[in-house]
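Fair warning: this is a prediction, and the values are worked out from it, not measured in the lab. Each chain gets a letter, A, B and so on, in the order the sequences are listed, and its residues count up from 1.
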Amino acid sequence: MPELPEVETIVRALRDGGRGGDSILGKKIVNAKVFWNKTIEETGPRIFTKKIVGQKIKNISRRGKYIHIHLDNDHLFFHLRMSGDIVIEDEEIPVHKHVRINLSLDDKRKISFYNPRKFGRVWLVDDPDRVVGKLGIELFDKSLDKKLLHQMLNTRKRQLKPLLMDQTFISGLGNIYTDEALHMSKLHPLSISDQINMKESSVLLNSIRSVLETGIKTNGASFDWMYKGGEFQNQFRVFQRKGEECPVCGTEIRKMVVGQRGTHICPNCQQLQEL
DNA sequence: AGGGAAACCCGAACGC
DNA sequence: TGCGTTCGGGTTTCCC
């Protein structure tokens with residue numbers, strides 16, 4: 001399930017070359033094939049194809065969990081949602097049944113958008129804000145410090161975990177990394193945001209960044225069977241470890257539901273403060 | 001305003 | 001073994 005580290009890994013592979021490939025910067029898109037129409041937002045497949053063919057890839061970056069491909073005239077965004085990968089392949093590789101879009105390049109290669117569960121989406125827009133305009137501050141934005149986070153938390157009154165996962169609040173945190181960061185911070189996912197003090201905000205911010213940095217270093221978590229990149233899943237502290245021992249105190253890890261999401265906590269380390 | 005539910009999907013895991 | 005059922009994960013949309 002591609003979260004920020006997985007997306008970051010894909011972006012680096014496309015932009016800088018990686019996983020054995022060469023960068024696609026500067027290549028021209030010479031053909032586009034759409035195998036699942038609903039993958040495309042904003043425009044239908046015909047307009048999408050017509051507009052994108054002929055444009056060159058100027059830059060590739062990331063905003064939240066979106067992959068942002070800057071073209072000559074337009075902006076191409078990918079979001080993988082629940083599953084999948086974006087890979088560069090030789091043109092003659094047969095189209096796998098999970099490939100939703102192929103973009104052929106002018107060097108006999110193609111960009112293949114793998115998305116088994118059909119949740120992933122693609123946008124081709126002239127104004128990037130149409131796609132990423134509402135996103136909150138980037139996790140690694142330098143202006144995001146403990147003071148700002150503390151203030152952001154305290155001006156809302158929401159359950160901590162759903163707030164952290166709200167992409168308009170901070171962009172980039174998903175279910176796995178939020179559970180991991182909350183455990184590292186010793187904060188309960190149901191804590192109310194305006195009860196978090198400065199010290200806790202500081203620890204939380206450091207934990208979030210630490211967990212994400214580790215994820216990026218290990219190329220993300222790859223227990224999504226389509227995404228083969230990473231090793232982060234071997235370091236989970238609590239995620240998907242229900243019934244096992246907390247790595248800090250040995251207490252049995254519990255699973256609960258918070259904001260409709262599977263949530264893993266150590267009931268000893270992460271106690272809900274009574275008001 | 002915040003929270004819960006449903007919808008979108010389908011391979012894997014589980015239950016019988 | 002083989003069948004049917006449930007689950008999960010990110011986001012949006014709708015409802016209370």
- Note on the structure: Whole-Å distance, H264(A) NE2 to dC7(C) P, equals 14 Å
- Query: Separation of Y114(A) atom OH from dG11(B) atom C1', in whole Å?
  - Reply: 17 Å
- Task: Return the angle between end axes of the helix from dG2(B)-dC16(C) to dC16(B)-dG2(C), with five pairs used per end and rounding to 10°.
- Result: 60°
- Shortest non-hydrogen contact between K65(A) and V7(A), atoms and distance: O-CG2, 3.6 Å
- Task: Using a cut-off of strictly less than 4.0 Å, decide whether K157(A) has a side-chain nitrogen or oxygen near OP1 or OP2 of dG3(B).
- Result: no
- Message: What is the distance, to the nearest angstrom, from the CG atom on L4(A) to the P atom on dT11(C)?
- Response: 11 Å
- Return the nearest nucleotide to the side chain of R156(A); candidates are dG3(B), dT11(C), dG2(B). dG2(B)
- Message: List the residues meeting ring-ring contact (aromatic ring centres under 6.0 Å, His included) with H68(A), not counting sequence neighbours, and say none if there are none.
- Response: H70(A), H75(A), F77(A)
- For F113(A), the ring-ring contact (aromatic ring centres under 6.0 Å, His included) test, sequence neighbours excluded, returns F78(A)
- Euclidean distance, atom CG of residue L164(A) to atom P of dT11(C) [Å, nearest integer]: 14 Å
- Message: Holding to side-chain hydrogen bond (donor to acceptor under 3.5 Å, both in side chains), I want the full list of residues that pass it with E200(A), two or more places apart in sequence or in another chain.
- Response: none
- Phosphate-side-chain proximity, K161(A) and dG3(B), N/O vs OP1/OP2 below 4.0 Å: no
- Message: Please tell me if Q167(A) has a side-chain N or O lying less than 4.0 Å from either OP1 or OP2 of dT11(C).
- Response: yes
- Query: Between K161(A) and D179(A), is there a side-chain N and carboxylate O pair less than 4.0 Å apart?
  - Reply: yes
- Note on the structure: Sorted by chain and number, sequence neighbours left out, ring-ring contact (aromatic ring centres under 6.0 Å, His included) with H264(A) holds for F239(A)
- Query: With sequence neighbours excluded, what pairs up with S191(A) under the side-chain hydrogen bond (donor to acceptor under 3.5 Å, both in side chains) test?
  - Reply: none
- Task: Calculate the interatomic distance between F239(A) atom CZ and dG8(C) atom P; express it in whole Å.
- Result: 9 Å
- Separation of K242(A) atom NZ from dC7(C) atom C1', in whole Å? 12 Å
- Message: What's K134(A) touching, base or sugar-phosphate or nothing? Going by heavy atoms closer than 4.0 Å.
- Response: nothing
- Query: In whole Å, what is the span from the CG atom of L80(A) to the P atom of dC10(B)?
  - Reply: 16 Å
- Item | Contact under 4.0 Å: R158(A) side-chain N or O vs dG3(B) OP1/OP2 | yes
- Figure out the CD/P separation between Q195(A) and dG2(B), and round it to whole Å. 14 Å
- Query: Got a donor-acceptor contact below 3.5 angstrom from the D90(A) side chain to the E92(A) backbone?
  - Reply: no
- Message: So, using side-chain contact (heavy atoms from CB on, under 4.5 Å) as the criterion, who are the partners of V203(A) when residues are at least two apart?
- Response: S185(A), K199(A), S207(A)
- Linking Ile, Leu, Val, Met, Phe, Trp and Tyr by side-chain heavy atoms under 4.5 Å, what else ends up with V257(A)? none
Between the protein and nucleotides 7-9 of chain B, list every N/O to N/O distance that falls short of 3.5 Å.
| residue | atom | partner | partner atom | Å |
| --- | --- | --- | --- | --- |
| dC9(B) | OP1 | K38(A) | NZ | 2.6 |
| dC9(B) | OP2 | K38(A) | NZ | 3.4 |

- Message: Would you say H98(A) places a side-chain N or O within less than 4.0 Å of OP1 or OP2 belonging to dG11(B)?
- Response: yes
